[in-house]
Amino acid sequence: MIRAAFIFVLAILPASIMAQDFRALARIEPTESHVRDRGSGVEIDLGLSQAVPYRVRLFDDPPRLTVDFREVSWSGLPQDFDGADRVLAVHTGAARDTAGWSRLVLALDGPYLVDRAGMQTDPETGAAQVTIRLEPTNPASFAVIAEPAPARRILADPLSDTPGPIIVALDPGHGGVDPGAEAGDVRESDLMLGFALELAERLRRTGLIDVVMTRQSDVFVSLPQRITIARAAQADIFISLHADALSEGRAAGATVYTLADTAVDAATASLTERFDRDDMIQGTDLAQADDVVAAVLMDLNRQSTVARSGAAADAIVAAFEASGVALHRQPRLHAGFTVLTAADIPSLLVEIGFLSDPDDLARIQDPEARAIMQNAMAEAILAWAEADAAAAPLRLQ
């Protein structure tokens, strides 16, 4: 039996519709587009401004459906497009492995087979409606029809001639037995988890970014394990999210940290000491390992990782400023946080504000203020990734 299979559809159209220029981008009709649970399966409906060829494929590990079109602008996809509990995530963007095609990817909660896939077209307007119905199946049947997962390509890898999605490791600070900073009954660990989940969704909606989370619930994850998670996912950038509090003095506004051998001021030194002490909650003393990593980073200081981290931090600060996000009086700082010590991954620590400042706390709890900050971070990451990829050949010289 054929293991790799796909459905390729070129709609049988009236002559008036066939005369259309298929090179033009089809637009999404928002009111006609949705994903819903239907019976025991899933139904996908996409309204298009014109009929275009499309193909449907299933992939394994993890199970997902991809639908490629030639070509579609995803800008009209409604925010509530995914209304199915059985669809874990939706990604859109260009099909990186096939020029001139657009891709829709649905992450599924288990194995499914395509029960039907079809396109209906309006003979007068040329508008089209694509309907795909998935029905659950057993893993053995799914393994026969689904394609194996393709090898992931990394955008920042200068040797990759076919760039893949940008992979962002998001690290919600603290968690579990370590609540982080507290302001009344508000815990930093809870706020950062919520912020990170929102940011992950915003990044995925770009269609160009995949996200890995170091934690997705209120659990403790050691600092080196957070780096290990990012490295295992082959992340292009690691971003740790915090909203600390200072017991002495006052600090307010967003700050972006990159690695330094020593803290640049007393407040940074205090935060660094606290972050590293938190990692010993589970009885893991990292002092010796940190000495080794620090020595390696000293050797790498003139090479790419530190410079790439700085460029990413600068891009985020610039995007924050352009979006009107409240910034610390020194928004770009350096510290010796353990989560910044990955020698092979550009790494940042973003303090989105301070719980000890009432105005910052109010902004962090305001959905609109968070959305502004998250949009700015998404734009900054995309801009940095594009510049970083362009500079990759120079790093080989």
Side-chain angles (χ1 to χ4, degrees), residues 154-158 160 163-173 192 195-196 199-200 202-204 206 208-214 223 226-227 229-231 233-243 253-261 264 268 275 293 297 300-323 325 327-328 330-353 372-396:
I154 309 303
L155 180 70
D157 181 359
S160 295
I166 306 158
I167 304 172
V168 176
L170 290 182
D171 174 43
M192 292 307 95
F195 186 93
L199 177 58
R202 174 64 184 88
L203 295 177
R204 290 176 179 130
T206 66
L208 300 172
I209 298 174
D210 281 348
V211 177
V212 59
M213 302 275 291
T214 60
L223 299 180
R226 295 169 192 256
I227 299 173
I229 291 170
R231 184 175 287 114
Q234 298 181 306
D236 293 299
I237 187 168
F238 175 92
I239 301 176
S240 191
L241 299 165
H242 291 265
T255 313
V256 184
Y257 287 87
T258 52
L259 185 69
D261 296 323
V264 297
T268 298
F275 280 22
V293 173
L297 286 173
L300 294 174
N301 194 47
R302 289 182 298 275
Q303 299 182 29
S304 66
T305 304
V306 172
R308 294 171 67 203
S309 299
D314 291 342
I316 290 178
V317 169
F320 280 172
E321 186 173 16
S323 300
V325 173
L327 293 172
H328 186 268
Q330 291 181 280
R332 272 286 285 115
L333 293 174
H334 308 274
F337 300 136
T338 298
V339 288
L340 299 180
T341 57
D344 52 344
I345 306 173
S347 302
L348 316 175
L349 188 146
V350 180
E351 291 273 2
I352 66 172
I372 291 172
M373 184 173 290
Q374 290 154 2
N375 287 336
M377 292 183 71
E379 293 172 4
I381 290 168
L382 289 174
W384 167 79
E386 183 177 0
D388 190 65
L394 299 177
R395 292 196 290 269
L396 295 178

R308 CZ to D388 CG distance, which is reported to the nearest 0.5 Å:
4.0 Å

Check: I167 main-chain N/O paired with D210 side-chain donor or acceptor under 3.5 Å
no

Measuring from atom CD1 of I381 to atom CG of L199, what distance do you get when rounded to the nearest 0.5 angstrom?
6.0 Å

N/O donor-acceptor pair under 3.5 Å between R204 side chain and V211 backbone
yes

Show the numbers, then the answer: is there a side-chain contact (heavy atoms from CB on, under 4.5 Å) between Q330 and T255?
CA-CA 7 Å; Q330 291 181 280; T255 313; over 6 Å; no

CG of L340 to CD1 of I345, rounded to nearest 0.5 Å, is 11.5 Å

Which heavy atom of M192 sits nearest to which heavy atom of A243, and what is that distance?
CE-CB, 3.7 Å

Sub-3.5 Å donor-acceptor pair from the side chain of W384 to the main-chain atoms of A313, do we have one?
no

How many angstroms lie between atom CG of L223 and atom CZ of F337, to the nearest 0.5 angstrom?
10.5 Å

Which pair of heavy atoms, one from T214 and one from P172, lies closest together, and at what distance?
OG1-CD, 3.4 Å

Taking all non-hydrogen atoms of both residues into account, name the closest pair between D171 and S240 and its distance.
OD2-OG, 2.6 Å

Between CD1 of I166 and CG of L208, what distance do you get to the nearest 0.5 Å?
6.0 Å

Is a side-chain N or O of S323 found less than 3.5 angstrom from the main chain of V325, in a donor-acceptor match?
no

Hey, does the side chain of S347 reach the backbone of F238 with a donor-acceptor pair shorter than 3.5 angstrom?
no

So M377 and L241, side-chain contact (heavy atoms from CB on, under 4.5 Å) or not? Walk me through it.
CA-CA 12 Å; M377 292 183 71; L241 299 165; 4.2 Å; yes

For P331 and V317 the tightest heavy-atom approach is O-CG2, 3.8 Å

Step-by-step side-chain contact (heavy atoms from CB on, under 4.5 Å) determination, Q374 to F195
CA-CA 8 Å; Q374 290 154 2; F195 186 93; 3.5 Å; yes

CA sep, side-chain torsions, deciding dist, call: R332, T258, side-chain contact (heavy atoms from CB on, under 4.5 Å)
CA-CA 8 Å; R332 272 286 285 115; T258 52; 3.3 Å; yes

Quick one: are L203 and L170 in side-chain contact, heavy atoms under 4.5 Å?
yes

Which atom of A380 lies closest to which atom of A315, heavy atoms considered:
CB-O, 3.5 Å

Where is the tightest heavy-atom contact between H242 and G173, given as atom of each residue plus distance?
CE1-CA, 3.5 Å

